[in-house]
J.: 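Once you've had a glance at the structure underneath, I'll fire off some questions.
Nothing here was measured: the structure is a model prediction, and the numbers come from that model. Side chains are part of it too, since the values below use all heavy atoms of this structure and drop only hydrogens, waters and symmetry mates.
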Amino acid sequence: MNKEVNASTKPFLRWAGGKNWLVKNINNYLPIDGFNNYIEPFLGGGSIFFHLAPQKAILSDLNKELIETYKALRSNVNEIIDELSKFRNDEKFYYQIRSKKIKSDIKKAAKFIYLNQTSFNGIYRVNLKGEYNVPFGHRKKDFLQPENLLKASKSLQFADIKTRDFYDSLNDIQKNDLVFLDPPYTVTHNNNGFIKYNSKLFDLDAQRKLSAFIDCLAEIGAYYILTNAAHMEVKNIFSKPNNYMIEISRASLVGGMKAKRGKYSELIFTNIDRHG
């Protein structure tokens with residue numbers, strides 16, 4: 001863990017399926033004797049990364065805009081803060097920014113952060129042309145949090161950041177590295193339904209590919225922690241000899257005003273033996 005980075009660093013993005021809820025308990029799942037590099041192939045909002053603040057990390061995601069935002073924040077945080085300070089949290093301005101075509105890396109990152117913080121539920125969704133099309137969120141919270149952006153940038157100084165498919169991470173993983181896996185959920189919790197916006201993004205075949213990825217981690221001798229929906233199909237895909245499955249119950253905080261909320265279960269799979 002990097003002592004120079006303040007432990008209070010929070011994710012600077014809102015992200016559907018983010019793991020803020022796991023942060024307070026993640027130490028219960030870490031290797032007792034520690035780990036070498038930290039690898040996160042489904043970066044998203046990076047809750048676990050920012051909490052652990054590892055000295056060495058390799059972060060990646062298939063979302064190119066997301067990764068470009070992380071890279072820009074790492075290198076040009078002050079310029080991004082300056083750009084964000086010119087923005088307003090109102091509906092007319094939101095749609096003006098959303099429709100703008102921008103080439104500058106700094107301005108693109110500021111736009112990404114602004115839209116993420118002021119959009120409806122912080123959802124990342126694009127149309128067939130690849131254009132972000134999430135509506136204005138009428139959110140009262142201030143979208144600009146300079147202190148946390150500065151802390152996040154400091155954490156990212158110790159990270160290698162890449163745009164790629166999760167399977168390509170195998171090229172960088174070595175024995176005793178820790179791989180945290182938080183894939184897009186394919187199925188709903190405790191239900192037989194598919195999550196509509198992920199049905200094409202990460203289907204059951206992709207989940208099976210992820211299972212094969214985990215088998216490769218075992219051959220390398222790396223540690224892994226995987227989060228996923230509590231669903232029988234998921235259990236069938238990821239249950240493995242000499243690995244552990246933990247089912248935990250938590251509250252649902254994702255969805256629109258009419259979304260069904262309440263308690264549901266999630267699964268954690270790991271090859272880390274906490275009993276020695």
J.: Measure from the side-chain N and O atoms of D203 to the backbone N and O of A206, and report whether any donor-acceptor pair falls under 3.5 Å.
T.: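 A pair under 3.5 Å: yes.
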
J.: Is any NZ, NE, NH1 or NH2 atom of the basic residue among D165 and K209 found under 4.0 Å from an Asp or Glu carboxylate oxygen of the other?
T.: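 Here D165 pairs with K209 in a salt bridge, since their nearest N and O are under 4.0 Å apart.
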
J.: With under 30° as parallel and over 60° as perpendicular, where do the rings of Y38 and F35 fit, or are they tilted in between?
T.: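 Y38 vs F35 ring planes: tilted.
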
J.: For the pair R98 (side chain) and V134 (backbone), establish whether a donor and an acceptor sit closer than 3.5 Å, ignoring hydrogens and angles.
T.: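 A pair under 3.5 Å: yes.
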
J.: So that I can tick it off, tell me whether K92 and D90 are bridged by a salt bridge, with the cut-off set at under 4.0 angstrom between side-chain N and carboxylate O.
T.: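 Between K92 and D90 there is no salt bridge, as every charged N stays at least 4.0 Å from the carboxylate O atoms.
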
J.: Parallel under 30°, tilted from 30 to 60°, perpendicular over 60°: which one fits the rings of F202 and F42?
T.: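 It falls in the perpendicular class, over 60°.
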
J.: Using 30° and 60° as the class boundaries, would you call the ring planes of F50 and F12 parallel, tilted or perpendicular?
T.: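 The rings of F50 and F12 stand perpendicular, inter-plane angle above 60°.
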
J.: Examine distances only and state if a side-chain atom of S239 and a backbone atom of N236 form a donor-acceptor pair shorter than 3.5 Å.
T.: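 Checking the backbone N and O of N236 against the side chain of S239, no donor-acceptor pair under 3.5 Å is found.
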
J.: Does either side chain, that of Y70 or that of D61, offer a donor lying less than 3.5 Å from an acceptor on the other one?
T.: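 Result is no, nothing qualifies.
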
J.: Restricting to side-chain contact (heavy atoms from CB on, under 4.5 Å), what partner residues turn up for Q117, sequence neighbours left out?
T.: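 For Q117 the side-chain contact (heavy atoms from CB on, under 4.5 Å) partners, ignoring immediate neighbours, are R14, I113, R139, F143.
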
J.: Cation-pi check, K175 to Y223: give yes when NZ or CZ is under 6.0 Å from the six-membered ring centre and within 45° of the ring axis, no otherwise.
T.: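 Because its charged atom misses either the 6.0 Å distance or the 45° angle limit, K175 does not stack over Y223.
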
J.: Using modelled atom types and a 3.5 Å cut-off, is there a donor and acceptor pairing between side-chain atoms of N121 and backbone atoms of I123?
T.: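 Not at all, since once roles are kept as given, no pair shorter than 3.5 Å links the two residues.
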
J.: Got a second to check how far N89's CG is from K140's NZ, nearest 0.5 Å?
T.: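 NZ of K140 is found 8.0 Å from CG of N89.
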
J.: Check K19 with E40, please: is the shortest side-chain N to carboxylate O separation under 4.0 Å?
T.: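 Judged by the 4.0 Å cut-off on N to carboxylate O distance, E40 and K19 do not form a salt bridge.
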
J.: Quick one: are I39 and F180 in side-chain contact, heavy atoms under 4.5 Å?
T.: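 With C-beta onward as the side chain, the pair stays apart.
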
J.: Taking the six-membered ring for Trp and the single ring otherwise, decide whether the centroids of F49 and H51 are under 6.0 Å apart.
T.: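 Judged by ring-centre distance (under 6.0 Å), F49 and H51 do not meet the cut-off.
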
J.: Which donor-acceptor pairs under 3.5 Å do side chains of residues 210-220 form with protein atoms, sequence neighbours excluded?
T.:
residue	atom	partner	partner atom	Å
S211	OG	I237	O	3.1
S211	OG	K240	NZ	2.7
D215	OD1	K240	NZ	2.9

J.: Decide, yes or no, whether a salt bridge links E65 with K111 under the criterion of side-chain N to carboxylate O below 4.0 Å.
T.: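 Result for this pair is no, no salt bridge flagged.
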
J.: Count the heavy atoms of every other residue, nucleotide or ligand shown that sit under 6.0 Å from CD of Q157, and state whether that count exceeds 12.
T.: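 Enclosed: over 12 neighbouring heavy atoms sit under 6.0 Å from CD of Q157.
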
J.: Hey, is E233 close enough to R208 for a salt bridge, meaning N to O under 4.0 Å?
T.: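 Here E233 pairs with R208 in a salt bridge, since their nearest N and O are under 4.0 Å apart.
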
J.: If you measure from CZ on F269 to CG on N228, what distance do you get to the nearest 0.5 Å?
T.: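 Rounded to the nearest 0.5 Å, the CZ-CG separation comes to 6.5 Å.
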
J.: Any donor-acceptor pair under 3.5 Å linking the side chain of S153 with the backbone of L150?
T.: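 Side chain of S153 to backbone of L150, a donor-acceptor pair under 3.5 Å: no, none is there.
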
J.: Could you go through D182 and I225, starting from their C-alpha distance and side-chain angles, then the distance that decides it, and tell me whether this counts as side chain to side chain contact (heavy atoms under 4.5 Å, CB included)?
T.: CA-CA 9 Å; D182 180 28; I225 299 171; over 6 Å; no

J.: Would a distance-only check, ignoring hydrogens and angles, find a side-chain to backbone donor-acceptor pair under 3.5 Å from S169 to F166?
T.: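 The answer is yes, because a donor-acceptor pair under 3.5 Å joins these two groups.
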
J.: What is the distance from atom CD of E68 to atom CG of N63, rounded to the nearest 0.5 Å?
T.: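 One finds 9.0 Å between CD of E68 and CG of N63.
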
J.: Heavy-atom distance under 4.5 Å between the side chains of L62 and R164, does that happen here?
T.: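 Not touching, per the 4.5 Å side-chain cut-off.
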
J.: Out of curiosity, I161 CD1 to S60 OG, how far, rounded to the nearest 0.5 Å?
T.: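 OG of S60 is found 10.5 Å from CD1 of I161.
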
